[in-house]
Asks: 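Next up is a structure, given as structure tokens.
Letters A, B, ... are given to chains in the order of the sequence lines, protein chains preceding strands, and every chain is numbered from 1.
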Amino acid sequence: MVLKIHNTLSGTKEPFAPVDKQHVRVYACGPTVYNFAHIGNARMAVANDLLIKVLRTQYNKVTYVSNITDIDDKIIDAAHELNEPIQNLTTKYTKIYNEDMAYLNVSLPDVQPRATDHIDEMIVIITKLIKNNNAYEKEGHVLFHVPSFSKYGVLSKRNRDEQIAGSRVEVAPFKKDPADFILWKPSPDPLPGWDSPWGFGRPGWHLECSAMSEKTLGLPFDIHSGGMDLVFPHHENEIAQTCSLNKTDEPKSFARFWFHNGFVNVEGEKMSKSIGNIRLVHDLKKQFSGEVLRLTLLSAHYRQPLNWTKEIIDQNSKMLDRFYRTLKDLQSVEVSSDSLSDEIMESLLDDLNTPKVLAQLNTLSNKLSSANNDEKMIIKNNLIAAGRILGIMLEDPDLWLGYNQSLNPQKEEIEGLINQRNEARRHKDFKLADEIRDKLKLKGIEIEDTKNGTIWRKDS
RNA sequence: GGCUCGGUGGCAGAGUGGUUAUGUAGGGGCCUGCAAAGCCUUGCACAGCGGUUCGAUUCCGCUCCGAGCCUCCA
């Protein structure tokens with residue numbers, strides 16, 4: 001079985017082969033920390049987390065780097081508005097980002113470099129780019145000269161001249177070419193900055209990833225990832241910088257695979273501040289469990305757009321409950337291995353086809369009622385093994401489903417009522433029995449009469 | 001205007017040149033005093049028009065529709 005990944009560079013699904021089989025290296029463009037993470041940020045984190053977990057089933061050593069952008073004009077603006085020091089803001093939101101992602105069962109990257117810790121490296125890169133005639137200084141700015149890189153546009157498959165024709169971008173007067181982008185810009189007082197050969201200033205956004213990816217992983221590395229929208233211009237510019245720096249026009253000398261996840265829409269519309277429909281993980285946490293949110297993110301293929309609605313959250317919540325119920329029914333079954341069936345593994349390896357995996361798990365789960373012991377073991381093994389990679393079904397089934405409320409403060413009262421009801425049922429006083437059941441229902445308690453007696457759970 | 005990617009059943013969402021995706025919602029039934037949970041069963045589909053083919057939802061072309069990017073953006 002071979003892992004296949006859609007490579008934006010070729011526009012096709014390709015068999016994955018690492019540069020170094022002993023050490024797979026992945027870099028994902030992480031968040032700009034000036035606010036709470038939204039569900040779109042989460043999709044990127046979850047997609048990459050899944051990619052890494054799948055890679056780890058195939059390779060012994062995988063290093064996952066995902067940066068924190070902690071210097072940026074949006075951050076400066078936010079800090080100014082809140083009248084808060086920039087560092088307080090970025091430290092705070094970095095911490096919250098990591099907490100929110102942990103809630104979604106996203107593992108922390110192996111390395112999480114910060115842009116502001118790599119200013120020196122960036123200055124070195126700029127100096128070299130100027131020396132190589134790929135960049136120039138003008139009015140305190142340093143710009144990358146796009147025509148100096150012949151392969152500009154390979155990733156996003158854009159023809160520069162055609163773009164410019166229909167472009168509505170206002171071109172800064174100091175640009176030699178309209179497509180030239182900023183490597184360094186001046187920071188007039190009181191804006192934050194660093195001393196450089198071009199004066200006090202701060203780096204352009206694209207530069208940090210070129211600096212940090214090379215420093216943390218070395219070149220070329222295997223997979224460079226991020227959200228769809230980063231393809232142009234961010235990743236295109238990174239390619240131009242890093243390749244020019246190393247005097248090559250071969251994009252694969254930077255990263256072999258480019259992995260991009262699709263967008264999350266909300267109720268059919270793009271998330272945006274003006275519409276006011278941004279869904280923050282911070283808020284969703286109050287209403288939904290991490291596993292439900294994560295499963296919902298995985299319910300569509302990572303490259304497809306995902307329409308975030310209450311309905312799909314509910315659907316996935318039900319699916320997850322069913323999986324847990326299957327696991328509950330299998331509690332007494334011993335697991336002998338933790339291996340995933342070839343079929344399901346194949347789906348994961350096929351460009352992370354999570355909807356297909358979920359369908360397979362459902363099919364498997366549906367076989368429970370007619371399964372013999374061996375088959376039950378297989379069902380359980382697969383659910384658990386798949387859950388570990390997908391980041392779901394990690395809780396205790398009884399607790400998840402609301403059973404086993406030994407710590408519920410109303411436990412005695414509830415069980416008292418259940419005893420009263422069963423007493424009434426014995427006397428065939430079904431009117432009273434149903435009244436008691438309704439009363440429990442109002443308390444959020446659902447009861448089930450099984451052949452082993454009445455059991456109860458907290459209704460979610 | 002340019003580039004890219006899509007249009008699958010009420011909804012969500014995979015996939016395939018000829019055979020049930022799967023979930024959810026709906027219909028019918030079993031179980032139950034009635035429920036709950038579970039089980040069984042059953043509708044409902046591949047945007048349109050051409051072409052290739054013995055056969056296309058699947059390949060090709062065109063049309064229509066939608067989304068993203070071209071400007072900060074996950």
Asks: Where each residue is assigned the nucleotide of RNA chain B containing its nearest heavy atom, which of N353(A) and M319(A) is assigned the position nearer the 5′ end?
Replies: N353(A)
Asks: Tell me whether K53(A) is salt-bridged to D49(A), with the criterion being a basic N under 4.0 Å from an acidic carboxylate O.
Replies: yes
Asks: Are any of the side-chain nitrogens in D434(A) or R421(A) under 4.0 Å away from the carboxylate oxygens of its partner?
Replies: no
Asks: Is V231(A) touching bases, backbone alone, or none of the nucleic acid, heavy atoms closer than 4.0 Å?
Replies: nothing
Asks: Anything under 3.5 Å between a protein N or O and an N or O of nucleotides 37-41 of chain B, put it in a table, one pair a line.
Replies:
{"unit_1": "rA37(B)", "atom_1": "O3'", "unit_2": "R325(A)", "atom_2": "NE", "d": "3.2"}
{"unit_1": "rA37(B)", "atom_1": "O2'", "unit_2": "R325(A)", "atom_2": "NH1", "d": "3.1"}
{"unit_1": "rC39(B)", "atom_1": "O3'", "unit_2": "S369(A)", "atom_2": "OG", "d": "3.4"}

Asks: Which nucleotide wins on minimum distance to the side chain of A433(A), given the candidates rU22(B), rA74(B), rG33(B)?
Replies: rG33(B)
Asks: Is the phosphate of rA36(B) approached by W456(A) (side-chain N or O, under 4.0 Å from OP1 or OP2)?
Replies: no
Asks: Please determine if K285(A) forms a cation-pi arrangement with Y103(A), meaning its NZ or CZ atom is less than 6.0 Å from the six-membered ring centre and no more than 45° off the ring axis.
Replies: yes
Asks: At under 4.0 Å, does any side-chain N or O of K318(A) touch on OP1 or OP2 of rA25(B)?
Replies: yes
Asks: Using a heavy-atom cut-off of under 4.0 Å over every strand shown, decide if Q304(A) touches base, sugar-phosphate, or nothing.
Replies: sugar-phosphate
Asks: Please name the residue in the list D351(A), N261(A), T8(A) that meets the side chain to side chain donor-acceptor pair (under 3.5 Å) test with R303(A).
Replies: D351(A)
Asks: Rounded to whole angstrom units, what separation is found between the CG atom of L352(A) and the P atom of rA14(B)?
Replies: 13 Å
Asks: Taking the six-membered ring of F16(A), is NZ or CZ of K4(A) closer than 6.0 Å to its centre and within 45° of its axis?
Replies: no
Asks: Base, sugar-phosphate, or nothing: which does H260(A) touch, judged by heavy atoms less than 4.0 Å apart?
Replies: nothing
Asks: Closest to the N362(A) side chain: rA74(B), rA14(B), rU22(B)?
Replies: rU22(B)
Asks: Over how many whole Å does the gap from W205(A) atom CH2 to rC72(B) atom C1' extend?
Replies: 8 Å
Asks: Between rC34(B) and R437(A), counting only base atoms on the nucleotide and side-chain atoms on the residue, is there a donor-acceptor pair under 3.5 Å?
Replies: yes
Asks: Looking at the base of rC70(B), is there any donor atom on it, or on the side chain of D229(A), that sits under 3.5 Å from an acceptor on the other one?
Replies: no
Asks: Partner lookup for rA14(B), please. Criteria are Watson-Crick or G-U wobble with both distances under 3.5 angstrom; report none if nothing qualifies.
Replies: none
Asks: Nearest to the M271(A) side chain among rC34(B), rA14(B), rA74(B), which nucleotide is it?
Replies: rA74(B)
Asks: According to a cutoff of under 5.5 Å between the ring centres and under 30° between the ring planes, does F263(A) stack with the base of rG68(B)?
Replies: no
Asks: Find every protein N or O atom lying less than 3.5 Å from an N or O atom of nucleotides 7-11 of chain B, and list the pairs.
Replies:
{"unit_1": "rC11(B)", "atom_1": "O2", "unit_2": "Q315(A)", "atom_2": "OE1", "d": "3.3"}

Asks: Among rA14(B), rG33(B), rC73(B), which nucleotide sits nearest the side chain of K74(A)?
Replies: rC73(B)
Asks: Counting only Watson-Crick or G-U wobble pairs whose two distances fall under 3.5 Å, which nucleotide matches rA21(B)?
Replies: none
Asks: Once you round it to whole Å, what is the distance between P of rC34(B) and CZ of R421(A)?
Replies: 12 Å
Asks: For rA67(B), which nucleotide is its Watson-Crick or G-U wobble mate, given both distances must be under 3.5 Å?
Replies: rU4(B)
Asks: Indicate, with a heavy-atom threshold strictly under 4.0 Å, whether G40(A) touches base, sugar-phosphate, or nothing.
Replies: base
Asks: Nearest to the side chain of R158(A) - rC70(B), rG23(B), rA14(B)?
Replies: rC70(B)
Asks: How would you label the contact of I447(A) with the nucleic acid (heavy atoms, under 4.0 Å): base, sugar-phosphate, or nothing?
Replies: base
Asks: Out of rA14(B), rA36(B), rA74(B), which has the shortest distance to the side chain of E446(A)?
Replies: rA36(B)
